[in-house]
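Take a look at the structure set out below.
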Amino acid sequence: MTNTLTGRKEPFEPIRPPEVRMYVCGVNLYGPAHVGHAMSYVVFDMIRRHLEWSGYRVRHVQNFTDVEDRIVARAAAEGRTIQDIADANIARFFREMDALNVTRAHVYPRATHTIPKILEIVKGLVDNGHAYAADGDVYFRVTADTDYGKLSHRHLEDMQAGARIAVDKRKEHPMDFALWTAAKPGEPSWDSPWGQGLPGWHIECSAMVMDHLGEQIDIHGGGHDVIFPHHENEIAQSESYTGKPFVKYWLHNALLRLGDQEEKMTRHLGNIVSIEDALRRYTPDGLRLFLLSSHYRNPLTWKEDAVEAADRGAERLRGALEAAETVVRRTAGSGQDSPPAVALRAAAARAREAFREAMDDDFNTPTAIGELFALATETNRLADGLAKQRSEAGPPEGAVGALTAAAETFRELGGVLGLRLSTTTETSETLERDVRRFVSEEPALAGAVAADGAVPALLDRILEARQAARARKDFQAADRIRDRLGEIGVSVEDYPAGSRWRLR
RNA sequence: GGCGACGUAGCCAAGAGGCAAGGCAGGGGUCUGCAAAACCCCCACCGCCGGUUCGAAUCCGGCCGUCGCCUCCA
């Protein structure tokens with residue numbers, strides 16, 4: 001994996017294998033998250049899944065920033081407490097992450113619940129000369145940290161020239177940053193040796209890491225934009241406090257962009273696509289496939305066409321898995337592989353190996369995804385032969401074993417990427433209303449289908465009625481039914497073994 | 001000004017010295033009552049200019065363009 005700290009790709013050797021301690025920078029809770037955040041969490045979810053698939057035991061901690069200028073400002077403006085705002089956004093965040101199939105971290109600490117540890121570290125830094133108090137604030141003394149700048153690979157001198165740093169007379173050095181700040185009237189605050197105050201932004205992560213994972217961890221992740229100053233300061237204060245190397249591997253995902261200028265998506269610029277909107281328009285698998293379609297260290301641009309393409313790709317993968325499982329469900333295996341089945345088994349084994357190799361190489365998801373598609377083609381090829389009763393496909397019984405293996409491979413590898421690969425059967429109220437209205441309006445269904453019951457069962461009965469129409473060569477009615485269903489979001493496909501509906 | 005990344009087919013995106021994975025879209029077939037899905041076939045010489053090399057999209061130099069960090073930010 002590529003380590004931001006060294007700037008190189010390095011073999012992964014955790015401190016205490018098979019245990020891996022991983023901390024991922026979480027969201028500021030002043031508002032809802034957007035698809036850029038989703039990308040970061042999908043990326044680190046993929047990383048965790050791959051590590052676990054590789055035999056590691058991952059302990060995953062992700063913070064919630066629930067006290068900070070923006071939340072405080074919003075609370076004041078809306079007459080709410082910061083807890084109130086934080087709670088609401090946490091609930092929403094979990095809802096959206098669950099929808100995206102992001103595995104939950106083991107712990108989600110909050111800054112406001114970590115005050116004792118924060119104060120302990122700040123006191124320690126003051127005591128050992130790495131920090132100083134000034135008018136109720138406490139600043140980290142960057143000049144006391146000899147390797148300050150090592151993560152972002154920059155030097156104090158370089159940063160001062162042309163830097164947009166507001167000079168604060170109380171600071172010894174312009175780059176000194178606040179560990180603790182005196183509370184202004186009306187701000188939430190806690191007691192401290194320096195008076196009523198609240199923590200600076202960077203210190204919370206150091207404290208939460210140490211509280212929940214220890215003083216030295218394996219992986220620390222976050223977006224590329226948080227390398228400086230956030231993670232740089234985190235290393236500085238943590239290592240100055242413990243005297244030990246803080247994190248072994250620093251991982252950063254490149255940012256998602258949006259717009260004609262392809263600027264990074266960020267709440268400050270307002271160029272945002274909310275996760276809620278994204279989930280309304282695309283399937284979770286499609287979104288994950290899109291977010292993982294470029295390597296995590298390369299920037300990706302949110303474009304409707306590209307997301308749409310990924311969503312269709314997800315459909316293709318689902319289709320291949322379903323084709324395999326349908327044959328397996330309907331056919332008893334003979335235990336004897338037909339020649340094409342032997343080929344599919346080999347393809348599945350090859351896909352698994354190539355997938356692992358790609359993922360082992362700094363989490364190369366684009367290549368790994370390519371392997372999934374290659375397997376889809378092989379699976380469909382065999383299933384297609386069977387559907388057409390082609391003799392070269394061999395007897396159906398001879399394909400069951402291989403199709404089972406292919407399906408298992410799909411589920412296993414798809415699982416590493418967090419893909420569910422399940423066919424949508426979730427119905428909306430709109431769809432339900434449309435289907436019922438259609439049943440009552442369509443003459444060919446009169447008397448054949450009652451407009452009650454669950455939508456999936458209803459659709460099954462509609463297709464049965466349509467099948468009857470086809471049988472009596474009433475293609476006009478059959479086509480009308482298919483067209484009308486298409487208009488309300490249900491596609492119909494006819495196969496030798498029967499028709500199938502799918503929700504789009 | 002300092003540090004860094006990127007520029008591959010209509011779109012998205014891997015590859016990183018030996019004649020360009022994959023997806024989406026498009027074209028042509030097969031199958032089908034028709035359609036869809038699926039299968040088969042077709043569709044790039046890698047921003048520009050030099051250099052190194054038997055050989056470069058891959059290495060080096062220059063140029064052009066885009067983006068990121070240096071302030072809040074996943």
Side-chain angles (χ1 to χ4, degrees), chain A residues 4 7 24-28 30 33-44 62 65 68-70 149 152-155 157-166 175 201 221-230 232 252-257 261-269 289-290 293-295 297-301 303-317 319-320 322-323 354 358 364-374 376-377 379-385 387-388 390 470 473 475-476 478-479 482-483 486 491-496 499-500 502:
Chain A
T4 306
V24 178
C25 248
V27 280
N28 182 320
Y30 77 86
H34 55 70
V35 287
H37 296 108
M39 174 162 92
S40 192
Y41 301 121
V42 164
V43 162
F44 284 100
Q62 183 172 314
T65 296
E68 182 273 345
D69 289 354
R70 278 164 205 279
S152 51
H153 305 109
R154 52 187 87 186
H155 302 97
E157 313 82 66
D158 297 335
M159 285 186 279
Q160 289 172 73
R164 297 162 287 175
I165 303 164
M175 295 305 291
W201 174 38
H224 186 264
D225 53 347
V226 93
I227 295 173
F228 190 92
H230 185 55
E232 190 69 72
H252 294 97
N253 63 279
L255 303 180
L256 189 66
R257 303 171 176 172
Q261 294 308 303
E262 300 199 2
E263 298 163 295
K264 71 167 177 175
M265 185 180 293
T266 172
R267 296 187 278 199
H268 316 300
L269 295 176
L289 220 44
F290 170 71
S293 69
S294 91
H295 184 86
R297 293 183 63 86
N298 288 146
L300 181 65
T301 304
K303 286 183 183 160
E304 301 294 341
D305 287 355
V307 187
E308 174 71 31
D311 210 13
R312 291 182 194 212
E315 185 62 32
R316 177 172 167 77
L317 294 179
E322 200 182 321
N364 191 334
T365 52
T367 300
I369 289 168
E371 296 304 327
L372 242 34
F373 281 106
T377 300
T379 303
N380 282 332
R381 195 204 306 272
L382 182 55
D384 188 56
K388 290 174 181 168
R390 291 251 174 86
R470 292 179 72 206
K473 302 259 192 265
F475 295 122
Q476 228 180 10
D479 290 353
R482 185 174 60 201
D483 290 347
S491 64
V492 174
E493 296 164 12
D494 298 327
Y495 294 92
S499 299
R500 192 172 91 193
R502 282 202 279 183

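By convention in this document, chain letters (A, B, ...) are assigned in the order of the sequence lines, proteins followed by strands, and residues within each chain are numbered from 1.
One can place CD of A:E262 at 10 Å from P of B:G68, the figure rounded to the nearest angstrom. When the P atom of B:A37 is taken as reference, atom CZ of A:R381 falls 19 Å away, rounded to whole Å. Between A:D384 atom CG and B:U32 atom P the separation is 12 Å, expressed in whole Å. In this structure, the CD atom of A:Q476 is 16 Å from the P atom of B:A35, given to the nearest Å. Here the C1' atom of nucleotide B:C69 and the NE2 atom of A:H155 are 16 Å apart, to the nearest Å.
For the C1' atoms, the distance from B:A9 to B:G27 is 15 Å, rounded to whole Å. Across B:G68 and B:C60, the matching P atoms stand 25 Å from one another, rounded to whole Å. B:C11 and B:A25: their C1' atoms are spaced 7 Å apart (whole Å). Between the P atoms of B:G51 and B:G28, the separation comes to 45 Å (whole Å). Here the separation of B:U53 from B:C19, taken at their C1' atoms, is 16 Å to the nearest Å. Nucleotides B:U52 and B:G15 have their P atoms positioned 29 Å apart, rounded to a whole Å. As rounded to the nearest Å, B:C34 and B:C45 have P atoms that lie 38 Å from one another. Nucleotides B:A74 and B:A56, compared at atom P, are 46 Å apart to the nearest Å.
For the OP1/OP2 pair of B:C39 and a distance below 4.0 Å, the side-chain nitrogens and oxygens of A:N380 include at least one atom meeting the criterion. Taking only side-chain nitrogens and oxygens, A:K303 comes nearer than 4.0 Å to OP1 or OP2 of B:C12. Proximity of A:N364 to the phosphate of B:G15: a side-chain N or O atom is located under 4.0 Å from OP1 or OP2. The side chain of A:R267 contributes no N or O atom lying less than 4.0 Å from OP1 or OP2 of B:C72.
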Output one line per pair: protein atom, nucleotide atom from nucleotides 22-27 of chain B, and distance, for all N/O pairs under 3.5 Å.
unit_1, atom_1, unit_2, atom_2, d
B:A25, OP1, A:R312, NH1, 2.7

N/O-N/O pairs, protein side and nucleotides 3-6 of chain B side, under 3.5 Å:
unit_1, atom_1, unit_2, atom_2, d
B:C3, O2', A:H153, O, 3.4

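Within 4.0 Å of A:T367, counting heavy atoms only, lies at least one base atom of the nucleic acid. Contacts of A:G486 with the nucleic acid, taken as non-hydrogen atoms under 4.0 Å apart, are absent.
By the side-chain hydrogen bond (donor to acceptor under 3.5 Å, both in side chains) test, A:T367 pairs with A:N364, sequence neighbours left out.
If you find the closest nucleotide of RNA chain B to A:R500 and to A:V27, the one lying nearer the 5' end belongs to A:R500.
Counting heavy atoms from C-beta on, the side chains of A:L289 and A:L317 come closer than 4.5 Å.
Checked by atom type and distance alone, the side chain of A:D384 never pairs as donor or acceptor with a backbone atom of A:N380 at under 3.5 Å. Looking only at distances, a side-chain donor or acceptor of A:T377 sits under 3.5 Å from a matching main-chain atom of A:F373. A distance-only check finds a donor-acceptor pair linking the side chain of A:E232 to the backbone of A:S152 [under 3.5 Å].
Salt-bridge check for A:R482 with A:D479: passed, with a basic side-chain N closer than 4.0 Å to an acidic carboxylate O. Taking 4.0 Å as the cut-off between side-chain N and carboxylate O, A:R502 and A:E315 count as a salt-bridged pair.
The A:H37 side chain lies nearest to B:A74 when the options are B:A14, B:A74, B:C34. Of the candidate nucleotides B:C34, B:A14, B:G68, B:G68 has the atom nearest to the side chain of A:E263.
Here A:Y495 does not lie in a stacked arrangement on the base of B:A37, lacking the combination of planes under 30° and ring centres under 5.5 Å apart.
Below 30°, between 30° and 60°, or above 60°: for A:H34 and A:H37 the angle between ring planes is between 30° and 60°, a tilted geometry.
Remark: B:C6 base-pairs with B:G65. Criterion, Watson-Crick or G-U wobble with two distances under 3.5 Å.
Partner of A:F290 under the side-chain contact (heavy atoms from CB on, under 4.5 Å) criterion, out of A:V42, A:L300, A:D311: A:L300 alone.
Side-chain atoms of A:D494 come within donor-acceptor range of the base of B:C34, with a qualifying N/O pair under 3.5 Å.
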